[in-house]
2 protein chains.
Amino acid sequence: MERNTRQRDAVLGALEHAGRALTPSEILELAQGTVARLNLSTIYRHLHALQDEARIVKVLLPGQAARFEAACGEHHRHAAHHHHHFHCEACDRVYALHACPGSMQDLAPAGFVVSAHEITLRGLCAECSRGSAR
Amino acid sequence: MERNTRQRDAVLGALEHAGRALTPSEILELAQGTVARLNLSTIYRHLHALQDEARIVKVLLPGQAARFEAACGEHHRHAAHHHHHFHCEACDRVYALHACPGSMQDLAPAGFVVSAHEITLRGLCAECSRGSAR
DNA sequence: GTGGATGCAAACTCTTTGCACCTTG
DNA sequence: CAAGGTGCAAAGAGTTTGCATCCAC
């Protein structure tokens with residue numbers, strides 16, 4: 001269905017190589033190292049396609065533009081692994097957290113049906129806290 | 001410092017009357033009942049001013065445009081009460097939750113400093129779950 | 001009367017879309 | 001060669017800002 005183009009490889013490659021969630025502009029910068037005339041529209045189009053194929057996941061954080069990360073499982077027979085994110089306030093990078101405290105049903109009032117929850121942590125990543133604390 | 005204008009009263013009134021987080025457009029619709037020629041720019045300007053006075057709080061949810069809610073305490077000598085939100089996927093309304101599971105330090109990897117966390121619940125509010133379940 | 005507040009239009013960011021041209025299979 | 005992919009420019013949502021006018025004090 002999808003053709004293998006240099007643009008597509010560049011977008012997917014950038015995400016897989018980064019190992020963290022990237023914004024479309026970050027992807028553009030990285031991928032332009034491979035495909036100089038690459039355009040943001042093309043990036044958005046591949047981001048949609050790659051989501052449909054479950055190769056990548058959209059990461060939405062409160063008050064932040066959308067980011068995208070490579071899907072965790074190499075083999076995507078399993079549903080995407082449920083996880084949360086950490087946003088570093090110093091370097092503005094976003095890291096996946098591989099823990100989850102479990103259901104949050106009890107936070108909601110009676111009568112409310114909770115079908116999903118999202119947790120976002122903010123603070124300083126290891127790299128930035130090393131710089132500022134010491 | 002700030003003048004008491006009909007526009008300001010209309011914006012604050014809409015938020016206090018609603019008792020839940022509203023988007024600027026929702027505020028516009030409600031407040032235009034009071035001030036017909038009210039403009040979105042004016043609303044945004046008052047939203048900024050009212051945040052500075054701690055009369056209202058900005059509510060950011062993943063993938064959602066900003067909403068605003070009246071500050072909980074009538075007397076704002078205390079810092080804003082820490083709380084989370086529930087987003088109804090059916091009616092798109094946002095409700096404040098008055099519970100919090102506490103620190104999330106342990107979700108972050110070693111070396112990461114967590115200074116804040118946000119939790120968003122999604123699902124059906126009491127009103128909408130009543131309609132769909134029964 | 002004067003300075004802050006308002007409405008309108010324009011600008012800005014992020015994202016999507018129309019269209020002519022190019023490329024992959 | 002045909003179907004789909006690409007770049008560019010333009011269009012949309014949400015938000016901010018410049019400016020002339022207006023109104024609260």
Side-chain angles (χ1 to χ4, degrees), chain A residues 1-15 21-53 55-69 85 87 92-94 120, chain B residues 1-15 18 20-53 55-69 85 87 92-94 120:
Chain A
M1 196 158 192
E2 283 83 15
R3 293 181 176 176
N4 245 33
T5 62
R6 295 177 309 133
Q7 287 84 346
R8 176 185 157 97
D9 288 347
V11 170
L12 189 51
L15 287 172
L22 301 178
T23 62
S25 330
E26 288 176 316
I27 297 171
L28 179 64
E29 272 187 57
L30 289 178
Q32 275 183 339
T34 311
V35 185
R37 317 219 351 149
L38 189 53
N39 191 281
L40 257 186
S41 322
T42 301
I43 292 189
Y44 278 107
R45 284 187 279 236
H46 281 298
L47 290 174
H48 289 306
L50 290 165
Q51 280 181 86
D52 291 346
E53 300 169 47
R55 304 289 304 267
I56 66 173
V57 178
K58 191 178 200 168
V59 176
L60 296 170
L61 303 190
Q64 299 279 312
R67 287 177 170 82
F68 298 83
E69 66 186 9
H85 294 89
H87 178 214
D92 200 41
R93 290 184 181 180
V94 169
T120 306
Chain B
M1 196 158 192
E2 284 83 16
R3 291 183 177 175
N4 244 33
T5 61
R6 296 176 310 131
Q7 287 84 345
R8 177 184 157 96
D9 288 347
V11 171
L12 190 49
L15 287 172
R20 59 183 179 86
L22 301 178
T23 61
S25 330
E26 287 176 316
I27 298 171
L28 178 64
E29 273 188 55
L30 289 177
Q32 275 183 338
T34 310
V35 185
R37 319 223 345 153
L38 188 54
N39 191 280
L40 258 186
S41 321
T42 303
I43 292 191
Y44 277 107
R45 284 187 278 236
H46 281 298
L47 289 175
H48 289 307
L50 289 166
Q51 280 182 86
D52 290 346
E53 299 169 48
R55 304 290 303 268
I56 66 174
V57 178
K58 190 178 200 169
V59 176
L60 296 170
L61 303 190
Q64 299 280 311
R67 288 176 170 83
F68 298 84
E69 66 187 9
H85 295 88
H87 178 215
D92 200 41
R93 290 184 181 180
V94 170
T120 306

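Convention: sequence-line order gives letters A, B, ...; per-chain numbering from 1.
- Protein atom CG of A:Leu47 is 15 Å distant from nucleotide atom P of C:dC14, rounded to whole Å.
- In this structure, B:Leu28 atom CG and D:dT15 atom C1' are separated by 14 Å, rounded to whole Å.
- Atom NZ of B:Lys58 is separated from atom C1' of D:dT16 by 11 Å (rounded to the nearest Å).
- Between A:Leu22 and A:Ala14, the shortest heavy-atom distance links the atoms CD1-O, 3.9 Å.
- You'll find that the side chain of B:His46 is closest to C:dA5, out of D:dT16, C:dA5, C:dC14.
- A:Leu15 places a side-chain heavy atom less than 4.5 Å from the side chain of A:Leu47.
- Within residues 33-41 of chain A, the residues having any heavy atom under 4.0 Å from DNA chain D are, by residue number, A:Arg37, A:Leu38, A:Asn39, A:Ser41.
- Sorted by first then second residue, the side chain to side chain donor-acceptor pair (under 3.5 Å) pairs that include residues 31-41 of chain B, not counting sequence neighbours, are B:Asn39-B:Ser41.
- We find that CD of B:Gln32 is positioned 14 Å from P of C:dT6, with the value rounded to whole Å.
- Partners of A:Leu12 under the side-chain contact (heavy atoms from CB on, under 4.5 Å) rule, at least two apart in sequence or in another chain, are A:Glu16, A:Leu50, A:Arg55, A:Ile56.
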Quick one: what's the B/S/- string for nucleotides 20-25 of chain C, heavy-atom cutoff under 4.0 Å, read 5' to 3'?
---BBS
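- Along DNA chain C, the nucleotide closest to A:Arg45 and the one closest to A:Ser25 are compared, and the more 5′ of them pairs with A:Ser25.
- Residues that satisfy the side-chain contact (heavy atoms from CB on, under 4.5 Å) test with A:Asp92, not counting sequence neighbours, are A:Gln64, A:Arg67, A:His87.
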As a check on the pairing definition, encode DNA chain C in dot-bracket form, counting Watson-Crick and G-U wobble pairs whose two distances are under 3.5 Å, and using | for partners outside this strand.
|||||||||||||||||||||||||
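- Heavy atoms from other residues, nucleotides or ligands lying under 6.0 Å from CD of A:Gln51 number more than 12.
- Considering only residues two or more places apart in sequence or on other chains, B:His85 meets the ring pair (Phe, Tyr, Trp, His ring centres under 6.0 Å) condition with B:His83.
- One interatomic measurement links the two molecules: CG of B:Leu60 to P of D:dT15, which rounds to 9 Å at whole-angstrom precision.
- As a whole-Å value, the separation of B:Gln64 CD from D:dA13 P is 16 Å.
- In terms of the side-chain hydrogen bond (donor to acceptor under 3.5 Å, both in side chains) criterion, residue partners of B:Arg8 (sequence neighbours excluded) are, by chain and number, B:Glu53.
- Annotation: side-chain contact (heavy atoms from CB on, under 4.5 Å) contacts of B:Ala31 (sequence neighbours excluded): B:Ala10, B:Leu38.
- With sequence neighbours left out, A:Asp9 forms a side-chain hydrogen bond (donor to acceptor under 3.5 Å, both in side chains) with no residue at all.
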Begin with the C-alpha distance, continue with both residues' side-chain angles, and end with the deciding distance and a verdict on side-chain contact (heavy atoms from CB on, under 4.5 Å) for B:Leu30 and B:Glu26.
CA-CA 6 Å; B:Leu30 289 177; B:Glu26 287 176 316; 5.5 Å; no
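- Phosphate proximity of C:dT16 to A:Tyr44: absent, as no side-chain N or O sits under 4.0 Å from OP1 or OP2.
- C:dT17 atom C1' lies 11 Å from atom NE2 of A:His48, rounded to whole Å.
- Following rounding to the nearest Å, A:Gln7 (CD) and D:dG7 (P) show an atom-to-atom distance of 5 Å.
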